[in-house]
Amino acid sequence: MRRFSIAVVAAVTLGTALSSVPAHAGGGNGGRGLAHCTAGTCHFDVPPGTYDVRVTLGGPTASGTSVSGETRRSLLPETAVPAGERVTRSFTVNVRTPEGEPTGPAGTPGLDLRIGGSAPALAGIEVKRALPRALGSARAGGTPIARQIFLVGDSTVCDQPGDPYSGWGQQLPQYLRAGVSVANYADSGESTVSYLGNPQLWATVRPLIRPGDLVLVQLAHNDKTTDEATYRANLETLVAGVRERGGQPVLVTPIVRRWFSPDGTLNNGTALLVNGLGVDHPAVIRSVAAARGVPLIDLTAKTKALVESLGVEGSKALYLTNEARDNTHTSVRGATAYAALVRDELVTRHLVPKGKVRVG
């Protein structure tokens with residue numbers, strides 16, 4: 001049975017807990033720490049922006065606490081704390097409208113956090129607006145943003161609104177420490193053609209990119225009728241648009257479909273995203289990355305190796321094979337595993353400092 005406690009629990013001690021761990025919303029007086037939390041949920045009435053969150057975890061008994069927020073984003077993995085001890089953890093979160101998929105519903109204004117885990121115990125919480133890098137050395141009150149990671153993608157990446165679906169971009173924030181935020185602008189059903197053409201998508205994302213921001217692009221699953229010349233040109237347009245804003249584009253090959261060949265491998269066009277016109281999407285992405293000097297995360301190769309290593313039965317848990325006969329979209333478990341692969345590649349390719357990621 002799951003239990004939720006706000007430690008220190010007794011009403012007479014709540015004021016002490018708040019005074020030791022004050023909260024601020026956007027630098028004003030909107031935040032009041034635990035006063036904004038009830039029944040496992042914390043709400044901060046803040047405008048869209050990027051915020052640093054610092055939580056104090058632990059209580060009189062052993063606890064295990066995780067934090068999610070907004071549209072089911074995993075922000076902090078379960079953290080075990082021995083009885084009677086306290087630990088602090090920090091992360092940076094992007095608050096936007098719509099809060100989930102760009103073409104989806106607006107969601108709830110402000111920042112909503114959910115306290116979960118096997119035995120949750122929240123002892124304090126602090127929310128502050130994260131300062132732009134240019135202001136970080138000149139003003140107190142926020143952590144300068146080391147880098148914002150924008151995600152441009154499809155349903156395999158996006159903040160999925162409901163169980164059992166989850167995109168890897170939805171799980172990536174839990175692997176990042178304070179100072180790096182994820183702005184997930186992936187959207188279900190999008191191809192390179194539709195993403196560039198919809199004013200809610202690329203035309204919205206591009207002006208938000210600041211110098212030094214990362215922009216990860218994974219679009220392929222829905223380019224089923226896009227010819228190679230158009231697909232290549234669209235990728236190059238996205239790369240150029242990021243660079244014009246001073247950002248760092250990163251091309252990501254698509255996650256595989258769980259579609260096994262008789263020999264137990266994924267060596268077939270369905271699994272490896274070759275469309276009906278014979279366009280090998282991962283190959284084109286690799287080619288554009290090499291030609292344009294763009295960092296490449298070969299998620300096709302990484303996910304292929306993982307799925308094949310688990311085999312026909314073991315790999316079902318990564319996808320929604322049993323739940324929906326869906327071998328394209330991932331479960332929370334699969335999305336979390338694939339987000340870990342992205343995290344590792346970000347570090348390996350020196351795109352995010354090792355000290356800014358969580359392992360395990």
Side-chain angles (χ1 to χ4, degrees), residues 23-33 36-37 41-55 67-76 90-114 125-136 139 141-153 157-161 167 169-174 176-188 190 195 198-216 241-242 245-247:
H24 306 281
N29 296 319
R32 289 292 184 268
H36 279 202
C37 302
T41 301
C42 301
H43 174 78
F44 292 87
D45 187 15
V46 298
T50 305
Y51 294 88
D52 295 325
V53 179
R54 181 176 183 267
V55 293
V67 182
S68 62
E70 299 295 270
T71 304
R72 302 176 61 236
R73 299 180 217 161
S74 295
L75 301 171
L76 184 71
S90 299
F91 53 87
T92 301
V93 60
N94 172 256
V95 176
R96 62 184 184 272
T97 303
E99 69 177 42
E101 296 181 83
T103 62
T108 305
L111 172 60
D112 290 292
L113 301 174
R114 286 167 286 283
I125 185 168
E126 179 180 5
V127 176
K128 295 181 180 179
R129 183 182 286 275
L131 299 179
R133 284 184 294 277
L135 299 177
R139 291 171 50 191
T143 301
I145 302 171
R147 182 161 286 179
Q148 183 145 268
I149 301 176
F150 288 92
L151 302 181
V152 170
V157 184
C158 75
D159 289 349
Q160 289 280 359
Q170 200 164 21
Q171 302 299 327
L172 184 61
Q174 68 183 301
L176 301 171
R177 300 182 187 276
V180 183
S181 64
V182 174
N184 191 352
Y185 283 84
D187 196 71
S188 293
E190 306 301 341
Y195 204 96
N198 189 331
Q200 294 176 277
L201 299 172
W202 184 237
T204 297
V205 175
R206 187 177 176 278
L208 301 175
I209 301 168
R210 297 180 308 234
D213 285 339
L214 290 176
V215 183
L216 275 59
V242 174
R245 295 290 301 170

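Heavy-atom basis, side chains included; hydrogens, waters and symmetry copies ignored.
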Got a sec, which residues hit salt bridge (Lys or Arg N to Asp or Glu O under 4.0 Å) with R177, two or more places apart in sequence or on another chain?
none
Where do G169 and P173 come nearest, in terms of heavy atoms and distance?
O-CD, 3.3 Å
Distance, nearest 0.5 Å, that separates CD of Q174 from CG of L76
8.5 Å
So which heavy atom on P48 is nearest to which on T97, and how close?
CG-OG1, 4.2 Å
Least distance between heavy atoms, Q160 atom then S188 atom
NE2-OG, 4.1 Å
Rounded at 0.5 Å granularity, tell me how far CG in L75 sits from OG in S90.
12.5 Å
Results of side-chain contact (heavy atoms from CB on, under 4.5 Å) for V53 - residues two or more places apart only
V55, F91, V93, L111, L113, I125, V127
So, using side chain to side chain donor-acceptor pair (under 3.5 Å) as the criterion, who are the partners of T103 when residues are at least two apart?
D187
Indicate yes or no for a side-chain donor-acceptor contact from N184 to the backbone of V157 under 3.5 Å, with no hydrogens or angles considered.
yes
How close do G33 and F44 get, heavy atom to heavy atom, and via which atoms?
O-CZ, 4.1 Å
Could you pull out all residues at least two apart from E99 that satisfy side chain to side chain donor-acceptor pair (under 3.5 Å)?
T71
Heavy-atom closest pair, residues L201 and Y195
CB-O, 3.5 Å
Could you tell me which residues satisfy disulfide (SG to SG under 2.5 Å) with C158, sequence neighbours excluded, listed by chain and number?
none
What pairs of residues pass the side chain to side chain donor-acceptor pair (under 3.5 Å) test when at least one of them lies in residues 200-209, not counting sequence neighbours?
R206-E244
Give, for atom CZ of F150 and atom CG of L214, the distance between the pair rounded to the nearest 0.5 Å.
10.0 Å
Listed by chain and number, what are the side-chain contact (heavy atoms from CB on, under 4.5 Å) partners of P98, not counting sequence neighbours?
none
One should read off an interatomic distance between E70 CD and D159 CG, to the nearest 0.5 angstrom, of 9.0 Å
Nearest 0.5 Å please: distance from the CG atom of N94 over to the CD atom of Q148.
5.0 Å
Does L208 offer a backbone N or O that forms a donor-acceptor pair with the side chain of R245 under 3.5 Å?
no
Check side chain to side chain donor-acceptor pair (under 3.5 Å) between S74 and all other residues, then give those that pass, not counting sequence neighbours.
Q171
So, H36 side chain and H43 main chain: donor-acceptor pair closer than 3.5 Å or not?
yes
When rounded to the nearest 0.5 angstrom, what is the spacing between CZ in R96 and OG1 in T50?
10.0 Å
Minimum heavy-atom separation for P47 and R129, please, with both atom names.
CG-NH2, 3.2 Å
